[in-house]
Amino acid sequence: MRDVAIIGTGCTKFGELWDRSLRDIFVEAGVSAIVDAGIQGEEIDGLYMGNMSGGRFVEQEHVGSLIADYSGLASELHVPSTRVEAACASGGLALRQGILAVASGYADIIVAAGGEKMTDVDLDTATDALAAAADREWEGIMGATFPGLYAMIARLHMHKYGTTSEQLAAVSVKNHHNGTMNPIAQFRNEITIDTVLRSNMVAEPLHMFDCSPISDGAAAVVLAPADVAKKYTDTPVYVKATTQASSPISLHDRADITTLDASVVAGQRAYKMAGLTPDDIDLVEVHDCFTIAEICAIEDLGFFKKGDGGRASEDGETAIGSRMPVNTSGGLKACGHPVGATGIKQAVVITEQLRGTAGKSQVDGAGIGMTHNVGGSGGTAVVHIFSRDR
Amino acid sequence: MKVGIVSYGVYIPRYRIKLEDIAAVWGADAASIKKGLKVNEKSVPDLDEDAITIAVEAARSAVRRGNIDTSRVGAIYTGSESHPYAVKPTSTIVAAAIGAEPVLTAADFEFACKAGTAAIQTCMGLVVSGMIDIGVAIGSDVSQGAPGDALEYTAAAGGAAYVIGSSDLAAIIEDTYSFTTDTPDFWRREGMLYPEHGGRFTGDPGYFKHVTAAANGLMEKIGSKPSDYDYAVFHQPNGKFPERVAGMLGFTNEQIKPGLVVPMLGNTYSGSCMIGLAAILDQAKEGDRIFMTAFGSGAGSDAFSITVTDKIEDIRNGAPKVHELLADPIYLDYANYAKHKGKIRV
Amino acid sequence: MTVARFWRKIPHRYNLIGTHCTTCGEYYFPPRQMCPTCRRDGKIESYQFEGKGEVITYTVIHTAAKGYDNQVPYNLAIIKLNEGPSLTGQVICEPEELEIGTRVRPVFRKLGEESEKGMIYYGTKFVVE
């Protein structure tokens with residue numbers, strides 16, 4: 001087993017990209033990453049594509065082949081290409097699969113990408129496609145929506161720990177603020193607690209501004225063996241841990257509805273693999289599909305005690321400049337959430353931070369960063385730890 | 001062989017609309033309508049209720065009340081004029097929902113408001129002939145009245161289920177007698193949303209002719225008279241018709257009052273008489289005699305002479321009584337009522 | 001949902017038939033043929049749940065799932081059945097009546113329909129006990 005590094009990154013804008021198709025955005029992100037890494041197509045040993053639902057959104061399966069083809073890598077180079085799916089963790093899982101391929105020695109240069117084209121269908125269809133990340137037979141048919149499932153987590157979290165709607169709103173306010181500094185973010189506007197609380201109720205207690213948007217977008221990273229990374233870039237970012245955990249797909253089967261065990265276990269496995277603790281992490285990109293998801297994530301990953309995530313968010317303990325900057329990119333809420341892209345985008349953001357090229361949202365002295373990507377209401381969690389130094 | 005009622009169950013949805021709120025929409029005189037119909041309010045199904053869900057709830061109530069071993073059920077017949085499927089029986093869904101599958105016969109009945117009592121007669125025949133051990137007869141409806149039509153004031157939702165057998169009888173059905181003719185007083189064509197009716201023609205040539213003929217026919221056949229009975233229940237399209245026909249036959253208002261549910265329930269069509277009978281069984285004592293005559297447009301009447309046994313005490317409290325189901329209603333305004341009844345097509 | 005997919009689950013949807021692992025004693029609804037504790041060592045048999053239980057969390061949904069638009073707002077809850085397992089279901093009551101800890105019982109209702117000319121899906125929802 002060898003160490004792996006990220007040697008290049010690319011990312012499209014996230015938002016409603018009316019004039020760009022699924023293949024357009026994937027190719028754009030992929031080419032950006034390859035240029036950033038300074039490699040040629042001939043050097044690519046394989047592609048991993050994170051994509052949740054090409055079928056429901058654009059009636060397209062076989063996404064691995066499609067993107068390899070339109071990246072110019074299928075006709076003559078016949079590069080192996082694999083589509084990876086784990087609902088909203090598709091991107092993080094594609095990254096993990098790519099890392100494992102390089103670590104194993106079976107491949108040297110891998111491009112791990114993620115993308116989703118969600119705005120070609122109406123909102124009802126998009127929402128229904130996302131609902132497939134839950135258990136269709138036992139949650140979906142009862143009328144459960146994603147906001148509905150996370151709302152039930154929020155309700156219980158409020159009941160057990162006294163978390164308030166204002167604390168949930170604080171997460172959204174902080175992420176929007178971070179989004180203003182992110183050139184590719186879907187939303188780059190400041191909001192207030194009031195904005196959140198006065199927005200329409202989607203599923204009580206979650207308001208519209210507690211929920212991440214429907215977005216188009218793609219991101220890609222180039223992976224290489226750590227030993228040769230410096231041939232390609234002066235600032236490789238090293239993978240210290242890649243972990244994944246499963247948990248019952250339905251919220252009603254979880255041991256504790258306010259804890260995503262998959263996040264806890266993936267996090268613990270990552271700390272163990274990297275030989276680190278939560279205190280060693282300088283910044284983290286977590287899966288804030290809803291504000292309550294960020295609160296649970298920062299608790300489940302060990303940054304704050306269970307039940308303290310709301311207060312911490314309200315008290316500014318997750319802002320840039322605090323002891324634990326969370327979602328400097330604006331998170332899923334402000335940066336946007338093209339489902340399959342998110343896990344890869346998180347790696348792109350951490351890479352930029354560790355390279356010192358994050359611009360206005362730069363965390364001073366960032367040396368170790370973590371990404372956390374969740375599928376559905378917690379059926380899958382994928383965690384990575386990256387470091388600037390080998 | 002004796003035959004009769006082993007158990008019974010009723011289901012009434014919780015929603016109501018007051019007649020004033022319907023009258024207000026159509027610019028009608030509520031007070032005069034209420035006085036003329038002797039109805040104050042009617043039941044309305046929830047958005048996710050229909051004649052099938054009501055039939056299941058009524059059947060489950062009967063099963064629970066009588067602690068019925070549903071593997072004994074040899075037949076299920078559901079009568080309704082609002083079966084959700086034109087083709088695909090309500091009765092098989094009831095069979096699945098009460099655990100009576102798969103060794104039984106089943107079919108759905110339609111005969112306007114007397115489809116449920118026709119089902120009772122059929123089950124009686126199957127039991128007496130020895131073809132089945134026990135049968136379930138259900139009358140269930142979420143009846144429709146066209147917006148602005150007179151029927152809109154009374155078309156209501158509800159259902160009742162009767163388990164018919166030959167042993168452990170809570171009430172013995174001594175005999176039944178029917179009077180049936182081809183009389184087009186009220187009908188609904190396939191595919192049409194709302195029924196049509198003959199206005200005043202539904203009265204004397206319809207309801208009164210058939211109810212009196214069946215009632216008198218039964219009393220003559222078994223040699224009984226109105227004063228032999230403690231209770232009487234007639235089909236209740238409104239509060240006036242049962243009172244008038246009772247008078248015509250020689251029954252008193254005291255006899256019909258306990259079974260007269262239409263003032264706070266409306267006309268539950270196939271459920272009408274059967275819910276009225278249940279209200280009586282909820283309070284009747286051993287030895288009480290009950291006279292029931294249903295009416296269905298089209299037209300026909302089924303008359304029954306019933307004697308209550310001591311077993312009624314054993315089962316009576318096993319499921320909600322009619323007056324309990326009528327208590328604690330939730331009132332809707334006309335807009336929400338229309339939405340619940342599917343009159344606003346989305 | 002197609003005919004076969006719905007039909008296959010009728011006993012579970014209408015009558016809350018789940019499973020019971022006689023090896024470890026756990027009850028499962030929705031039904032599981034593979035006990036997560038015992039896996040292949042688990043002896044599984046059918047079990048009919050009474051359907052009574054307690055609300056452990058809930059929400060009121062305003063932005064509906066596909067096909068549920070005309071029922072908005074509706075209450076969705078996770079209900080812990082008396083026998084142990086939890087399920088997701090709708091609770092039919094006024095919002096004020098619903099709290100964590102509210103006791104519920106099952107009722108037979110329409111879950112939805114495929115379309116105006118398609119199949120109607122029936123199943124179990126809950127009301128306050």
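What you see below is based on every heavy atom in this structure, not just the backbone, and it leaves out hydrogens, waters and symmetry mates.
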Asks: Give the intermediate values and the outcome of side-chain contact (heavy atoms from CB on, under 4.5 Å) for residues A:Leu149 and C:Thr59.
Replies: CA-CA 8 Å; A:Leu149 293 171; C:Thr59 180; over 6 Å; no

Asks: Could you tell me whether C:Lys66 and A:Asp122 make a salt bridge, using a distance below 4.0 angstrom between a side-chain N and a carboxylate O?
Replies: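 No, no charged N to carboxylate O under 4.0 Å.
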
Asks: For the candidates A:Pro205, A:Gly148, A:Ala203, A:Gly143, which exhibits the highest count of non-hydrogen atom pairs separated by less than 4.5 Å from chain C?
Replies: A:Gly143

Asks: Determine the minimum heavy-atom distance between A:Met152 and C:Tyr58, stating which atoms define it.
Replies: CG-C, 3.7 Å

Asks: Which region of A:Ser250, side chain (C-beta onward) or backbone (N, CA, C, O), has a non-hydrogen atom less than 4.5 Å from a non-hydrogen atom of chain C, or is it both or neither?
Replies: neither

Asks: Determine whether more than 12 heavy atoms belonging to other residues, nucleotides or ligands lie under 6.0 Å from atom CZ of C:Arg105.
Replies: no

Asks: Is it the side chain or the backbone of C:Ile100 that comes within 4.5 Å of chain A heavy atoms, both, or neither?
Replies: side chain

Asks: With heavy-atom distances below 4.5 Å as the criterion, would you say the side chains of C:His12 and A:Glu137 are in contact?
Replies: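 SC-SC contact between C:His12 and A:Glu137 ruled out.
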
Asks: Just how far is it from atom OG1 of C:Thr63 to atom CG of A:Leu123, taken to the nearest 0.5 Å?
Replies: 8.0 Å

Asks: Contact part of C:Tyr74 toward chain A, heavy-atom cut-off under 4.5 Å: side chain, backbone, both or neither?
Replies: side chain

Asks: Any side-chain heavy-atom pair from A:Met142 and C:Tyr68 closer than 4.5 angstrom?
Replies: no

Asks: Heavy-atom distance under 4.5 Å to chain C: side chain of A:Ala144, backbone, both or neither?
Replies: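 Interface part for A:Ala144: both.
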
Asks: State, with a plain yes or no, whether a side-chain heavy atom of A:His159 is found less than 4.5 Å away from one of C:Thr57.
Replies: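 No; the side chains remain at least 4.5 Å from each other.
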
Asks: Please look at A:Leu156 and chain C and tell me whether the side chain, the backbone, both or neither of the residue comes under 4.5 angstrom of a heavy atom of that chain.
Replies: both

Asks: Considering all heavy atoms of both residues, which atom of C:Thr88 and which atom of A:Glu139 are nearest to each other, and what is their separation?
Replies: OG1-CG, 4.0 Å

Asks: Only pairs of heavy atoms separated by less than 4.5 Å count here; which of C:Gln71, C:Arg13, C:Arg5, C:Lys80 has the most with chain A?
Replies: C:Arg13

Asks: Which atoms of A:Leu251 are under 4.5 Å from chain C, going by heavy atoms: the side chain, the backbone, both sets, or neither?
Replies: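 Contact with chain C involves both backbone and side-chain atoms of A:Leu251.
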
Asks: Is A:Asp253 close to C:Arg32 at the side-chain level, that is, under 4.5 Å between some pair of heavy atoms?
Replies: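 Yes, at least one pair of side-chain atoms sits under 4.5 Å.
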
Asks: Are A:Ile257 and C:Ile56 packed together at the side-chain level, in the sense that at least one heavy-atom pair is separated by less than 4.5 angstrom?
Replies: yes

Asks: Please tell me if the side chains of C:Pro73 and A:Glu204 come closer than 4.5 Å, counting only heavy atoms from C-beta onward.
Replies: no

Asks: Mind ranking C:Ser86, C:Pro36, C:Ala64 by heavy-atom pairs under 4.5 Å with chain A and telling me who comes out on top?
Replies: C:Ser86

Asks: Counting only heavy atoms not in C:Glu45, do more than 12 sit closer than 6.0 Å to its CD atom?
Replies: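 More than 12 heavy atoms, drawn from other residues, nucleotides or ligands, come within 6.0 Å of this atom.
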
